[in-house]
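Notes to accompany the following structure.
First listed ligand is number 1; within each ligand, the first listed atom is number 1.
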Amino acid sequence: EAKRNGRNRFEYFQPELDAAARRRRTMEMDLRTALHLGQLQLHYQPIIDQQHGQISGYEALMRWHHPLNGLVMPMDFIPLAEETGLIHEVGARALNLACQEAASWNTEQTVAVNLSPVQFRNPELVRIVALALQDSALEPRRLELEITESVLLDNSDGNIETLKRLKALGVNIALDDFGTGYSSLSYLRSFAFDRIKIDKSFINDMVDSPEAMSIVRAITGMSSSLQIKTTAEGVETEEQLRQLQAQGCSHFQGFLFGHPQPANERKRQ
Ligand code: C2E
Ligand code: MG
Ligand code: MG
Ligand code: MG
């Protein structure tokens with residue numbers, strides 16, 4: 001009986017697995033095509049400097065303009081790109097586009113590009129970044145690379161070495177989504193980050209949760225004594241802004257200041 005159930009289960013689920021696998025394969029082929037046809041573009045979200053109340057730079061966020069499905073968000077294709085290895089090409093595209101577009105702005109504003117932990121497995125990563133800078137003639141100090149704590153978790157010695165080589169190019173390095181994942185203060189000793197981005201879940205909860213508020217206060221306090229910039233992500237309300245200002249957070253990013261927009265429509269000062 002158990003055996004028969006087992007076989008039934010197998011027979012029942014197999015077609016679903018096939019369908020999922022087929023969908024994935026189709027999407028992988030679509031993504032390859034997207035790379036060739038230039039359907040992957042960047043939207044830019046402003047980052048505000050609290051001291052001057054001005055836009056100090058933008059985060060570049062990838063969008064897939066799919067001919068049938070419309071605008072596809074990163075959470076719906078970055079994981080697939082990571083699993084299939086396409087992230088190496090997708091990531092290089094993001095770097096090249098961001099550097100070219102930022103170089104054409106007549107400002108000192110910075111551009112931040114997200115790096116996947118998978119890109120750190122590519123021994124050519126530093127060269128790819130150097131080439132993007134060289135081809136676009138963007139000043140290295142105007143480029144910021146955002147990594148997450150997971151980069152420091154796997155192969156941390158090798159990846160810290162890579163971070164140091166990236167930094168030697170003159171670019172800035174930010175620690176994204178701080179406070180989620182496996183945060184460890186030892187990361188902050190092993191590498192001199194230029195910026196910490198406080199995860200938006202804390203900003204979201206802060207106003208109602210004294211615990212979330214205390215954590216935000218601790219992060220901004222620690223960062224300022226280490227002379228690391230802090231960006232609060234996901235700032236949506238005036239109330240959040242007031243509280244973040246009171247705590248000495250140095251930069252803000254969120255819908256209150258602007259949504260991610262295509263390069264030519266991006267919010268300017
Ligand atoms: P992230 O790097 O933490 O980017 C911030 C995300 O928060 C963006 O989502 C942004 O649109 C969203 N956001 C900004 N302000 C607000 C706000 O006030 N409220 C809310 N609810 N959300 C806000 P998005 O564009 O969907 O990107 C999601 C994630 O996908 C990014 O998180 C990043 O991890 C990844 N991603 C995006 N572009 C790239 C890329 O070019 N390469 C790689 N490897 N990952 C990327
Ligand atoms: Mg980011
Ligand atoms: Mg983030
Ligand atoms: Mg995030």
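Near Pro260, the atoms of ligand 1 lying under 4.0 angstrom from a non-hydrogen atom of the residue are 11 (O). Residue Asp177 approaches ligand 1 through these ligand atoms, each under 4.0 Å from one of its heavy atoms: 3 (O). Listed by number with element, the atoms of ligand 1 under 4.0 angstrom from any heavy atom of Pro74 are 24 (P), 25 (O), 26 (O), 27 (O), 30 (O), 36 (N), 37 (C).
Using a 4.0 Å cut-off between heavy atoms, Met62 contacts ligand 1 through both its backbone and its side chain. Contact annotation for Gln45 and ligand 1: only side-chain heavy atoms (C-beta onward) come within less than 4.0 Å of the ligand. Heavy atoms of Val235 found under 4.0 angstrom from ligand 1 belong exclusively to the backbone. The part of Lys200 lying near ligand 1 is the side chain, judged by heavy-atom distances below 4.0 Å. Looking at Glu233 against ligand 1, only its side chain comes within 4.0 Å, counting heavy atoms. Of all the heavy atoms of His43, none lies under 4.0 Å from any atom of ligand 1, so neither backbone nor side chain is involved. By the criterion of a heavy-atom distance under 4.0 Å, the side chain of Asp176, and not its backbone, is placed next to ligand 1. Contacts between Ala94 and ligand 1, counted as non-hydrogen atom pairs separated by less than 4.0 Å, involve the side chain only.
The Mg ion (ligand 2) lies at 2.8 Å or more from every N, O or S atom belonging to Glu233. With a cut-off of 2.8 Å, the Mg ion (ligand 2) has no N, O or S atom of Asp177 in range.
More than 12 heavy atoms of other residues, nucleotides or ligands lie within 6.0 Å of CZ in Arg268, so this atom counts as buried by the packing criterion. In Gln227, the CD atom is not crowded: 12 or fewer heavy atoms of neighbouring residues, nucleotides or ligands sit closer than 6.0 Å.
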Working for side chain to side chain contact (heavy atoms under 4.5 Å, CB included), residues Leu226 and Leu188: CA-CA 9 Å; Leu226 289 170; Leu188 303 178; 4.3 Å; yes
CA sep, side-chain torsions, deciding dist, call: Arg195, Thr231, side chain to side chain donor-acceptor pair (under 3.5 Å): CA-CA 7 Å; Arg195 183 191 303 272; Thr231 299; 2.8 Å; yes
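A side-chain donor-acceptor contact under 3.5 Å links Glu101 and Tyr44. Under 3.5 Å, the side chains of Glu236 and Gln240 contain no donor-acceptor pair of N or O atoms.
Taking the N/O/S atoms of Glu59 in turn, the shortest distance to the Mg ion (ligand 2) belongs to OE2. The minimum distance between the Mg ion (ligand 2) and any N, O or S atom of Glu146 involves atom OE1.
Contact annotation: Gly91 has no heavy atom less than 4.0 Å from any atom of ligand 1. At a 4.0 Å cut-off, not a single heavy atom of Glu82 sits close enough to ligand 1 to count as contact. In this structure, Glu59 has a heavy atom closer than 4.0 Å to ligand 1.
The residue from Met73, Glu236, Gln240 that puts a heavy atom closest to atom 21 (N) of ligand 1 is Glu236. Nearest to atom 33 (C) of ligand 1 by heavy-atom distance, out of Asn114, Val113, Thr180, is Asn114. The option with the heavy atom closest to atom 4 (O) of ligand 1, from among Leu256, Leu61, Leu42, is Leu61.
With the Mg ion (ligand 2) as the vertex, atom OD2 of Asp176 and atom OD1 of Asn114 span an angle of 90° (nearest 10 degrees).
Under the rule for a ring-ring contact (aromatic ring centres under 6.0 Å, His included), Phe178 has no partner lying at least two apart in sequence or in another chain. By the side chain to side chain donor-acceptor pair (under 3.5 Å) test, Asp135 is found to be paired with no residue, residues two or more places apart in sequence or in another chain being considered.
Note that Arg266 lies in the cation-pi zone of Trp105, set by a 6.0 Å cut-off to the ring centre and a 45° limit from the axis. In this structure, Lys167 satisfies the cation-pi test against Phe191, with its NZ or CZ atom closer than 6.0 Å to the six-membered ring centre and inside 45 degrees of the ring normal.
Contact check on Glu28 versus Arg25 returns no salt bridge, with no Lys/Arg side-chain nitrogen under 4.0 Å from an Asp/Glu carboxylate oxygen.
For the side chain to side chain donor-acceptor pair (under 3.5 Å) criterion with Gln253, the lone passing option out of Lys200, Glu59, Glu233 is Glu59.
Of the possible donor and acceptor atoms, none in the side chain of Lys267 sits under 3.5 Å from a partner among the backbone N and O of Pro46.
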